[in-house]
Participant: 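I'd like to ask you about the structure that follows.
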Amino acid sequence: MTTIDINVNARTVKASVAPRTHLADFLRDHLDLTGTHLGCEHGVCGACTLLIDDMPARSCITFVAACAGAHITTIEGLDGDEIAAELRAAFTREHALQCGYCTPGMLISARDLVLRLEAADDHAIRVGLSGNLCRCTGYVGIVRAVHSVIEDRRKRGIRPVPGGGREQLGPVGSGNGAAIGGPATIRPAAAVEPKEGPSRKVAIPEFAPDRTFEESFTIAAPIGEVFAMFGDIKQVAACLPGVSLTGTPTAEHVEGQIRVKLGPISATFRGAARIERDPDTMSGRIVGTGDDQRSRSSTSGEIRYRLAAIDAGAATRVELSIGYSLRGILAQIARDGLVRDLAGRLTADFARNLEQQLSGTTRRETAQPIDGLAFLLHQLWRFAKGIGQRTWHR
């Protein structure tokens with residue numbers, strides 16, 4: 001028997017298994033996760049497809065002992081996944097299932113296509129699903145369903161994730177080989193640096209924010225200089241913690257990413273934004289969308305700003321209206337108060353960096369992720385301070 005530790009649907013599982021036990025059998029017989037179906041048991045039909053470290057894999061030909069240290073996601077683990085939810089709705093709408101036996105594996109393979117494909121192309125969808133067999137539907141409804149989800153997400157400005165997020169070459173899950181004896185030999189994929197050049201514009205749809213709040217700060221610089229600075233996207237990005245650009249921005253469009261780290265949770269939202277500016281009113285608006293493949297979360301947001309000259313024109317007051325909508329796993333932990341406090345701290349950092357840029361005292365550095373440790377300590381301090389004040393005034 002072999003003792004293994006694996007993570008199944010965000011739950012740590014420790015078990016003793018026979019070395020030749022297949023992952024599908026382990027999930028069904030030991031964990032009662034029967035959404036993973038067994039068909040051919042030769043890796044041909046695709047009914048047993050699930051995710052190993054976020055990559056589709058055949059569980060009927062994968063030894064569970066080889067998955068020590070891996071993260072396994074079955075169809076049950078995708079209940080709260082945004083893409084899976086859209087696919088389930090599309091499968092229902094397009095009558096893409098009959099007996100349903102192939103559907104769990106089909107949904108997981110379809111989800112991978114939604115992540116990877118640049119555009120909704122029926123031929124590419126059929127090729128991508130060729131490893132998942134269905135003997136009921138004739139595939140037409142399945143292809144229509146996947147096509148509609150890809151088309152809708154691209155229209156919403158959600159870009160594909162190159163390689164579906166895969167960063168290494170080798171068998172799926174092979175990065176965990178060291179956990180069961182000896183270092184794994186994996187040839188890493190070549191790093192791909194963002195290419196400078198004109199960005200391919202992504203349509204940014206209008207949206208109604210779920211949450212909106214106000215922020216403001218003062219800059220010791222004339223209003224004209226501040227407004228001109230807001231028009232230089234590269235300089236603005238240099239002032240925002242965790243933000244980096246991909247490609248070359250234009251006056252109306254920018255693409256990039258923002259990296260966030262909050263304790264054990266890390267996310268990189270990749271997306272694009274539309275830029276609007278009005279020199280007559282010294283105001284502007286930035287509307288953007290982005291998604292994080294790791295946490296399977298997406299967001300839409302807008303920042304409206306208005307500048308006002310103060311102190312006889314020697315300084316500028318910046319008034320911000322920030323609206324956002326968040327979907328996916330991160331939405332479950334992003335409470336209004338936490339988001340508001342974090343936005344306040346980021347605004348303060350942005351104001352300080354902006355003032356330093358205007359004074360010429362900073363240099364461009366590699367974007368660092370927004371580290372939530374200081375934010376959490378700040379929250380704990382506020383909590384303890386509130387308790388102390390309430391106790392003192394009793």
Side-chain angles (χ1 to χ4, degrees), residues 1-43 45-84 103-109 111-112 115 131-132 161 163-189 261 263-267 292-297 328-330 332-333:
M1 301 295 282
T2 301
T3 300
I4 59 167
D5 286 283
I6 61 175
N7 185 292
V8 180
N9 296 338
R11 179 169 66 93
T12 300
V13 175
K14 185 171 185 177
S16 294
V17 297
R20 295 186 63 81
T21 302
H22 288 111
L23 178 58
D25 292 325
F26 175 76
L27 294 170
R28 292 176 59 85
D29 299 340
H30 294 264
L31 301 182
D32 292 327
L33 293 173
T34 56
T36 299
H37 292 170
L38 284 170
C40 67
E41 299 193 59
H42 286 78
C45 73
C48 68
T49 306
L50 44 64
L51 298 177
I52 301 178
D53 293 335
D54 294 328
M55 297 293 131
R58 301 286 202 258
S59 59
C60 76
I61 55 173
T62 301
F63 292 131
V64 66
C67 298
H71 288 254
I72 310 298
T73 305
T74 70
I75 192 66
E76 292 93 341
L78 293 177
D79 283 350
D81 181 76
E82 182 183 80
I83 299 177
T103 305
M106 193 75 74
L107 285 171
I108 289 176
S109 295
R111 180 184 177 278
D112 181 62
L115 278 174
N132 292 77
V161 178
R166 189 166 187 169
E167 298 176 351
Q168 294 177 319
L169 298 179
V172 171
S174 59
N176 300 288
I180 57 173
T185 301
I186 303 170
R187 184 160 55 93
K261 181 174 177 59
I265 302 173
S266 61
D292 172 55
Q293 188 272 335
R294 180 180 294 272
S295 68
R296 300 186 289 276
S297 301
I329 294 175
L330 291 182
Q332 300 174 17
I333 63 173

Participant: Hey, could you give me each pair passing ring-ring contact (aromatic ring centres under 6.0 Å, His included) that has a residue in residues 1-20? Not counting sequence neighbours.
Facilitator: none

Participant: N9: which residues meet the side-chain contact (heavy atoms from CB on, under 4.5 Å) condition with it, sequence neighbours left out?
Facilitator: L33, T73, T74, E76

Participant: Rounded to the nearest 0.5 Å, what separation is found between the NE2 atom of H22 and the CG atom of D29?
Facilitator: 12.5 Å

Participant: Taking side chain to side chain donor-acceptor pair (under 3.5 Å) as the test, write out the residues that go with T12, two or more places apart.
Facilitator: none

Participant: Let me see the working for V13 and I72 under side-chain contact (heavy atoms from CB on, under 4.5 Å), right down to the final yes or no.
Facilitator: CA-CA 10 Å; V13 175; I72 310 298; over 6 Å; no

Participant: Donor-acceptor check, side chain of N132 to backbone of G46, threshold 3.5 angstrom: yes or no?
Facilitator: yes

Participant: Distance-only check: which donor-acceptor pairs under 3.5 Å involve side-chain atoms of residues 57-68, not counting sequence neighbours?
Facilitator:
| unit_1 | atom_1 | unit_2 | atom_2 | d |
| --- | --- | --- | --- | --- |
| R58 | NE | G43 | O | 3.3 |
| R58 | NH1 | T49 | OG1 | 3.2 |
| R58 | NH2 | G131 | O | 2.5 |
| S59 | OG | C48 | O | 2.7 |
| T62 | OG1 | R58 | O | 2.6 |

Participant: Return each pair, listed once, that meets side chain to side chain donor-acceptor pair (under 3.5 Å) where at least one residue sits in residues 30-41; pairs must be two or more places apart or across chains.
Facilitator: none

Participant: Rounded to the nearest 0.5 Å, what separates atom CG in L51 from atom CD1 in I108?
Facilitator: 5.0 Å

Participant: Checking D25 now: which residues fulfil side chain to side chain donor-acceptor pair (under 3.5 Å) with it, not counting sequence neighbours?
Facilitator: none

Participant: Indicate the atoms forming the closest heavy-atom contact of I75 with P104, along with that distance.
Facilitator: CD1-O, 3.9 Å

Participant: Could you tell me whether the side chain of D5 and the main chain of G69 form a donor-acceptor pair under 3.5 Å?
Facilitator: no

Participant: Which atom names give the shortest non-hydrogen contact between G39 and C45, and what distance separates them?
Facilitator: CA-SG, 3.8 Å

Participant: Taking C-beta and beyond as the side chain, do K14 and T3 meet within less than 4.5 Å on heavy atoms?
Facilitator: yes

